[in-house]
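Structure, as structure tokens:
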There are 2 protein chains.
Amino acid sequence: MSGPTAQTSTRRRRPSQAERRARSRGALLESAARGLSRCGYGNLRLEEVARDAGYTRGALYHQFKDKEDLALAVIDWVDENWRREVGDPAKLEPDPVGELMALARGHAVFCRRDVARVVMALRMEFSGRDHAVGRRLQRASEGGVKRIARLVEAGRRDGSIPPGPPATAVARAFLGALEGAVIELAGRPPHDEVLAARAVAGVLRVDVEGSGAR
Amino acid sequence: MSGPTAQTSTRRRRPSQAERRARSRGALLESAARGLSRCGYGNLRLEEVARDAGYTRGALYHQFKDKEDLALAVIDWVDENWRREVGDPAKLEPDPVGELMALARGHAVFCRRDVARVVMALRMEFSGRDHAVGRRLQRASEGGVKRIARLVEAGRRDGSIPPGPPATAVARAFLGALEGAVIELAGRPPHDEVLAARAVAGVLRVDVEGSGAR
DNA sequence: GTAGATACATACATGTACGTATGTATGCTA
DNA sequence: TAGCATACATACGTACATGTATGTATCTAC
């Protein structure tokens, strides 16, 4: 539908209620992401989330159905940011190994913001249990595994990646080692990026170091 | 005094109260470790822990002061098992790289039991917060970091490990990549061991090909 | 301007898990 | 056997976080 009544006047735009809503939602999402990455889901106190965003729990329950809905929204939000900042740019690389390494380095940079730990924290918390949050996480993660597995297979076909364990297992190790290394080194640039690249290069058994390769 | 109390003969002695206590404590610790690795600390329900061990919460509160005390005991328990099964055997390796790779492979095997995820789960949960559990975790983890950093420095001195980022950063990446890869591949032998070795070899930038043997 | 909707704050009800107090049976000691 | 201590179960009180209901001010439409 074409915007019917929305007057985007160039003269003066005082904050409309739609803008206020979007702004509040964004602030709450960011606060919730920070809280989730710090405390996890179970230990997260919604009152603290709201207070950190400058609101009360009333605003939170006005925007989100319940705690679970909030967590799912945070997951989608982080996932979308990741795709825009890491996933899509890596597609510009011409060869599989280049794309894989771009994913690793981009993820390391992306995780310098505390927000990124959300995924790992929630996955640890919901890996075993049958929960909506866990399912959403697994769905998002599974996409990454498949993408990486395809890249590994492509790299093996063209000879840039040597043979080894099944591509799916390699992909899982790729993501696990990447996230683990990055979390342990978060906030310590530039070593986080270098060592994340080293870890995934080791998983793939390829030799790509920044300085002159042979 | 000629009773059977002090007699530790080969015959089957009936369980003393000290033995009962030790057995109960062990069962509760194992159940708590499983619960912690599955649910984390906040979501852990003590009633479930006790029930899984065949007791009620009464037994738990008889052996442990409170929930925090139980978690600390689990950490010490896991740490001690890790040292016995992984840390000490690796010391038999003659050279630094051999010891580092033995640590990686041993850790992968150790983590095939769900128990091992406790450390990672609790670290994610308490990394940011100032809590007794987090401090105990960090203390245990810091020992591993120092040991690995010393090995990295030794390997660089004798030329078996090329130069790179500071040894402490390398050690953190070593542990992070190792744990991340192992968690993602837990229960999928033999790829967990191979890929964990690959990941840490990449972090160290050493070439240790272990393929071929099964 | 009035009426309704929206964006939030405040107050209340409920459930859940923790910690403690108490009860009971069995093992140790004299 | 008496008497106490230990190992555990059961019952109770309490705190805390969630979810809901209600209240209030601002924005929008007629």
Can you figure out which of [options] approaches the side chain of [X] most closely?
| X | options | value |
| --- | --- | --- |
| B:Arg45 | C:dA17, D:dT18, D:dA7 | C:dA17 |
| B:Ala59 | D:dT20, D:dA9, D:dA17 | D:dA9 |
| B:Tyr55 | D:dG19, C:dG19, D:dC8 | D:dC8 |
| A:Thr56 | C:dA9, D:dG19, D:dA9 | C:dA9 |
| B:Gln63 | C:dC8, D:dA7, D:dC8 | D:dC8 |
| A:His62 | C:dT6, D:dA7, C:dT20 | C:dT6 |
| A:Arg21 | C:dG19, C:dA7, D:dA7 | C:dA7 |

Please report, rounded to the nearest Å, how far the [atom2] atom of [N] is from the [atom1] atom of [X].
| X | N | atom1 | atom2 | result |
| --- | --- | --- | --- | --- |
| B:Glu47 | D:dC8 | CD | P | 17 Å |
| B:Tyr61 | C:dA17 | OH | C1' | 8 Å |
| A:Asp66 | D:dA17 | CG | P | 17 Å |
| B:Phe64 | D:dC8 | CZ | P | 11 Å |
| A:Lys67 | C:dT14 | NZ | P | 21 Å |
| A:Arg57 | D:dG23 | CZ | C1' | 16 Å |
| B:Leu70 | C:dC18 | CG | P | 10 Å |
| B:Glu68 | C:dA17 | CD | P | 20 Å |

(message) Does any part of the side chain of A:Leu44, heavy atoms only, come nearer than 4.5 Å to the side chain of A:Lys67, both counted from C-beta?
(response) yes
(request) Using a 4.5 Å cut-off on heavy atoms from C-beta on, say whether the side chain of A:Arg135 contacts that of A:Phe126. (result) no
(message) Pick the closest DNA chain D nucleotide for A:Tyr41 and for A:Gly58 by heavy atoms, then say which residue is nearer the 5' end.
(response) A:Tyr41
(message) Categorize B:Leu60 for me: base, sugar-phosphate, or nothing, with a 4.0 angstrom heavy-atom threshold over every strand shown.
(response) nothing
(message) Looking at A:Tyr55, I'd like to know if the NZ or CZ of A:Arg57 sits under 6.0 Å from its six-membered ring centre while staying within 45 degrees of the ring's axis.
(response) no
(message) Let's go through B:Ser127 and A:Arg38 carefully: what are the C-alpha distance in whole Å and the side-chain angles of both, what is the deciding distance for side chain to side chain donor-acceptor pair (under 3.5 Å) to 0.1 Å, and is it a yes or a no?
(response) CA-CA 7 Å; B:Ser127 61; A:Arg38 231 198 310 270; over 6 Å; no
(request) Give a yes or no on whether B:Glu68 atom CD has more than 12 heavy-atom contacts from other residues, nucleotides or ligands under 6.0 Å away. (result) yes
